[in-house]
Chemist: 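Take a look at this one; I'll ask things after.
What you are looking at is a predicted structure, and each value in this text was computed from that prediction instead of being measured.
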Amino acid sequence: MESLSRISSVLESARDLTLEAAQSASAAGRLGRREAKLLSSKETRKFLNSRIDREVLDGLRRVITMMSRGNDCSEFFADVVKNVASPALEIKKLVYIYLLRYAEFEPDLALLSINTIQKALNDQNQVMRAMAIRVMSGIRVPVISQIVALAIKKGVTDLSSYVRKCAALAIPKCYKLDPTTMPQLTDHLGTLLGDRSHYVMSAAVMAFLEIAPSRYDLIHPHFRTLVKLLIDMDEWGQLAMLRLLNGYARKCFPVKRRKKKAVNAEGGFYSDDDTVGQITGTQDMIQDMDPDLELFLSACSPLLQSRNSAVIVAVARVYRHLAPSEYLKQLAGPLASLLRAPINIQHIALISIVSIALKCAQPFSPFVTHFLVQHLDPPHIWRLKLEILTLTFPFVNTCTKNLILSELEYFAQGYDQELIKETVRAIGRCAQSETRNATRCLRVLLRQVESSDGVLLSESLTVIRHIIQQNPTAHSKTVIRLAKALDTATNPTARASIIWLVGEFSGIDDGNNVAADSLRILAKNFLLESDQAKQQIILLAAKVYAHHLNRTQPLWPSSPAIGHDKDPDDEAPKHSLPLLFSYILLLGRYDMSYDIRDRARLYKSLLANPSSTELATLLLLAPKPTPQAPSPSFGRKDLTLGSAAMILGQVSIRGYEPLPDWINISRAPSPSLREHLVTEGTIPQGGLAIIGIAPQNSSRRTNTPEGFTSSQFSNSPKFPECETKSNGKVETSLEDFLASEEESEIEGEGEGIDYEGEGGDDDREEREDEEEEEDDDADEEEEEDDDDDDDDDEDSEGGKENSQLLGGSK
């Protein structure tokens with residue numbers, strides 16, 4: 001016993017020692033980590049305050065590493081800012097990164113480094129100048145907003161494109177820092193938009209979309225340059241440019257329509273039926289595009305070969321909202337190729353294809369096999385594929401139509417209930433889009449009537465009802481086939497749908513149909529039917545009896561009502577329909593359902609009184625409107641393609657801005673605003689030619705004056721080249737001018753100018769007589785001039801003789 005007690009005491013003492021050792025070890029570990037952390041902070045400060053660049057760089061690397069891990073490094077702010085004046089490029093980069101992160105928390109200390117950063121704007125290294133602009137615009141201290149604006153002004157005119165790009169990216173930051181700098185930033189932005197570097201233009205366009213997205217007056221003089229630089233930009237710059245020019249086109253290029261020129265053999269040669277105006281909705285109108293808009297659409301075409309799917313969708317948005325239908329053919333291949341991308345890109349591509357197909361589905365008909373449903377497709381993908389198949393169905397050949405219908409029939413017999421519903425509805429939309437194939441689609445649906453799947457059966461009957469209502473007379477045999485299916489159909493909803501269809505078309509062929517016989521068969525097992533079927537049987541009996549009354553009593557009597565207590569079987573019936581109708585009402589009168597009893601009482605009250613037959617006809621036999629099953633995405637066809645609102649199908653998304661409406665012709669800006677600017681004080685080359693002054697620079701573009709055309713100047717007489725005087729004027733003699741005019745006339749005759757117009761030979765003879773008279777007059781004038789010259793010579797000779805006689809000659 002003593003040994004056991006001794007062993008237990010030893011174990012207890014050992015346990016206590018173990019616990020004490022563990023506690024002391026944990027305390028030592030906490031103290032060690034704390035001391036190590038303190039030691040690390042002291043060592044980092046020591047490195048940051050060192051005079052050796054290598055140690056300073058090591059300390060900054062430690063600080064940046066701790067920042068990347070999410071640790072608070074604000075305690076090193078003063079030590080880091082001291083190194084902002086270091087000449088080493090790597091040290092400056094790390095200091096600038098630290099300043100961008102912690103300048104907000106220490107604004108006073110951050111202001112001490114502004115002067116040093118401003119000096120970096122004059123550095124010879126373009127990277128240093130660009131980093132200085134980035135850091136100054138990134139320090140979110142409102143006091144330095146004017147200094148940032150000055151830095152941007154200096155960077156806009158820098159020789160380096162990298163610095164100009166950084167200045168463009170700093171404009172939105174400066175605007176958010178101080179909105180009062182908007183006028184200055186707008187001037188800088190206008191300068192950057194005129195830059196010839198695509199590297200700078202991308203950043204300028206992004207800045208424009210940030211601060212002044214509606215200032216299209218800044219875009220007018222640079223529109224054509226922007227379009228030409230579109231192909232050279234990077235992907236993100238192309239996205240921004242396409243977004244900008246898409247809105248610009250809607251606000252600056254009015255839509256014009258002109259009538260097609262009618263071919264009329266009786267019309268005159270000078271008859272012209274072309275008229276240009278606003279959209280009138282006439283079918284024979286074609287769109288007349290602006291040349292600048294056509295230039296923009298042509299520049300977008302190469303972007304369809306981009307490796308970036310966002311650029312392809314952006315070009316699709318431009319063509320969808322700006323271009324005529326003939327441009328949409330270019331989109332089919334690139335958008336179909338995106339279906340090989342991941343699921344998220346497939347989703348965006350399919351939504352874009354649906355949006356375009358709602359406008360014009362024919363371009364996608366060659367790629368219809370790309371939209372067949374795969375077993376691994378998620379629901380949001382196969383829904384869009386089914387919609388595209390139904391939109392392109394009218395534009396494919398017969399073989400492809402059979403393929404589509406067989407695929408839809410296959411998936412209609414699957415296990416996914418939602419896929420079954422959507423597939424059957426897709427078959428109905430195929431029949432609705434092209435009535436010539438309605439019979440083929442109807443045969444596919446009728447094969448599903450005998451199915452044991454209630455979901456498939458009910459959806460098939462609903463679609464069959466829609467197809468039959470479009471053309472009831474052409475589908476009379478279909479109603480007979482459905483009536484025969486009542487012998488095998490067991491689903492309550494399906495039986496109720498078939499009975500409704502039989503009753504709806506009970507008036508076909510003047511009552512010579514299966515409605516009455518179907519009612520007789522259904523009356524036998526009325527008690528075994530479901531409540532839905534019983535309601536439709538009573539309705540069928542009322543419709544059949546109403547048609548019977550209309551045939552036997554075409555004119556409703558004007559005598560007073562007979563009384564509601566009079567049953568139809570009180571009369572001596574000559575036909576079995578009144579007896580059948582009374583029997584059905586009797587069965588419904590004693591049914592367990594309140595609703596069935598009320599319906600039986602209602603129909604009995606309506607049809608028992610001959611004076612209310614007209615009212616019963618209006619209630620029971622009124623024509624139903626033809627049902628239309630629009631495409632599921634029809635409600636979002638007006639949303640901007642590629643936007644989040646179109647993808648989600650909701651307009652009320654925060655930040656969504658619809659495209660502006662097309663501008664009116666009367667409010668559209670003048671196309672001359674998009675011409676290249678001419679420097680003030682210069683005269684166009686055409687003006688110099690008119691006044692006879694030789695231009696100093698013949699390489700400049702010629703401008704013809706108002707009221708003249710270039711063809712008129714090309715057909716004008718060509719003057720021979722002459723020497724110019726110091727004042728720029730050209731000397732030409734009268735003989736040279738007449739000789740050049742004769743040469744131009746000879747050239748005109750050599751070009752095959754036909755003077756025989758509508759007048760024929762008489763006009764030609766008159767012109768020849770006039771030309772001969774003009775030649776005679778010219779000869780007489782030349783003879784008179786020669787006589788005058790002779791007289792002048794004689795006078796001069798006589799004057800010389802007189803002067804010799806007087807001794808005045810030399």
Side-chain angles (χ1 to χ4, degrees), residues 286-287 297-298 300-343 345-377 380-411 422-423 426-438 440-441 444 630-634 637 641-642 646:
I286 60 175
Q287 184 173 349
L297 296 177
S298 301
C300 293
S301 181
L303 301 183
L304 292 173
Q305 310 301 324
S306 176
R307 60 183 179 181
N308 194 327
S309 58
V311 176
I312 297 176
V313 175
V315 176
R317 178 174 62 247
V318 171
Y319 282 4
R320 167 67 177 82
H321 298 289
L322 298 181
S325 300
E326 52 266 20
Y327 280 84
L328 300 180
K329 298 179 182 178
Q330 307 177 31
L331 299 176
L335 287 176
S337 65
L338 296 181
L339 298 180
R340 296 189 292 267
I343 294 295
I345 298 179
Q346 286 187 37
H347 188 208
I348 304 299
L350 288 172
I351 290 177
S352 304
I353 292 172
V354 169
S355 177
I356 297 171
L358 288 172
K359 180 180 180 181
C360 181
Q362 188 173 5
F364 297 98
S365 57
F367 305 94
V368 71
T369 55
H370 292 69
F371 308 119
L372 296 176
V373 180
Q374 305 294 331
H375 285 283
L376 298 179
D377 289 339
H380 64 282
I381 295 296
W382 55 253
R383 289 177 190 273
L384 294 171
K385 285 187 175 181
L386 290 176
E387 187 173 1
I388 296 172
L389 288 177
T390 58
L391 291 173
T392 56
F393 183 80
F395 305 102
V396 297
N397 53 27
T398 306
C399 181
T400 308
K401 288 178 181 177
N402 294 331
L403 174 63
I404 293 174
L405 291 178
S406 61
E407 287 288 324
L408 294 178
E409 185 179 6
Y410 171 76
F411 284 103
E422 292 297 330
T423 304
I427 296 174
R429 290 198 298 272
C430 290
Q432 177 182 327
S433 60
E434 190 175 13
T435 56
R436 293 180 298 174
N437 295 293
R440 186 185 307 173
C441 298
V444 174
S631 183
S633 300
F634 185 78
K637 67 173 184 176
L641 190 145
M646 169 166 279

Chemist: Could you walk me through whether Y327 and C360 pass side chain to side chain contact (heavy atoms under 4.5 Å, CB included), step by step?
Modeler: CA-CA 11 Å; Y327 280 84; C360 181; over 6 Å; no
Chemist: Ignoring hydrogens and angles, tell me if any N or O in the side chain of S337 forms a donor-acceptor pair with the backbone of P334 under 3.5 Å.
Modeler: yes
Chemist: Which value, rounded to the nearest 0.5 Å, describes the distance between I427 atom CD1 and I404 atom CD1?
Modeler: 11.5 Å
Chemist: Could you go through the side chain to side chain contact (heavy atoms under 4.5 Å, CB included) check for K359 and I356 one step at a time?
Modeler: CA-CA 5 Å; K359 180 180 180 181; I356 297 171; 5.7 Å; no
Chemist: Can you sort out the partners of A341 under side chain to side chain contact (heavy atoms under 4.5 Å, CB included), two or more places apart, ordered by chain and number?
Modeler: I345
Chemist: A side-chain contact here means heavy atoms from C-beta on lying under 4.5 Å apart; do L331 and R320 qualify?
Modeler: no
Chemist: So do the side chains of V373 and E407 get within less than 4.5 Å of each other, counting heavy atoms only?
Modeler: no
Chemist: Ring-plane angle category for F371 and F364, please: parallel below 30°, perpendicular beyond 60°, tilted otherwise.
Modeler: perpendicular
Chemist: Using a 4.5 Å cut-off on heavy atoms from C-beta on, say whether the side chain of T390 contacts that of L386.
Modeler: no
Chemist: Within the 4.5 Å heavy-atom criterion, are T400 and S365 side-chain neighbours or not?
Modeler: no
Chemist: So how far is it from Y319 OH to L304 CG, rounded to the nearest 0.5 Å?
Modeler: 5.5 Å
Chemist: From H380 NE2 over to Q346 CD, what is the distance, rounded to the nearest 0.5 angstrom?
Modeler: 8.5 Å
Chemist: Do you know which two heavy atoms are closest between A438 and A431, and how far apart they sit?
Modeler: CA-CB, 3.9 Å
Chemist: Take S309 and I348 through the side chain to side chain contact (heavy atoms under 4.5 Å, CB included) test and state the conclusion after the steps.
Modeler: CA-CA 9 Å; S309 58; I348 304 299; over 6 Å; no
Chemist: Out of curiosity, E422 CD to E387 CD, how far, rounded to the nearest 0.5 Å?
Modeler: 9.5 Å
Chemist: Rounded to the nearest 0.5 Å, how far apart are OG of S433 and CG of L391?
Modeler: 8.0 Å
Chemist: Quick one: closest heavy-atom pair of L641 and R317, and the distance?
Modeler: O-CD, 3.0 Å
Chemist: Can you tell me how far the OG1 atom of T392 sits from the NZ atom of K401, to the nearest 0.5 Å?
Modeler: 10.5 Å
Chemist: What's the shortest heavy-atom distance between S633 and L358, and which atoms?
Modeler: O-CD1, 3.5 Å
Chemist: Any side-chain heavy atom of L372 within less than 4.5 Å of one from K385?
Modeler: no
Chemist: Check the pair F411, H375 against side chain to side chain contact (heavy atoms under 4.5 Å, CB included), reporting the backbone distance first and the verdict last.
Modeler: CA-CA 9 Å; F411 284 103; H375 285 283; 4.2 Å; yes
Chemist: If every non-hydrogen atom of F395 is compared with every non-hydrogen atom of A361, which pair is closest and at what distance?
Modeler: CE1-CB, 3.7 Å
Chemist: Search all heavy atoms of V318 against all heavy atoms of L297 and return the closest pair with its distance.
Modeler: CG1-CD2, 3.9 Å
Chemist: Taking all non-hydrogen atoms of both residues, which atom of T398 and which atom of R440 are closest, and how far apart?
Modeler: CG2-NH2, 3.9 Å
Chemist: Tell me, do P632 and R429 make a side-chain contact under 4.5 Å, heavy atoms counted?
Modeler: yes
Chemist: Side chains of L403 and S406: closer than 4.5 Å at any heavy-atom pair?
Modeler: yes
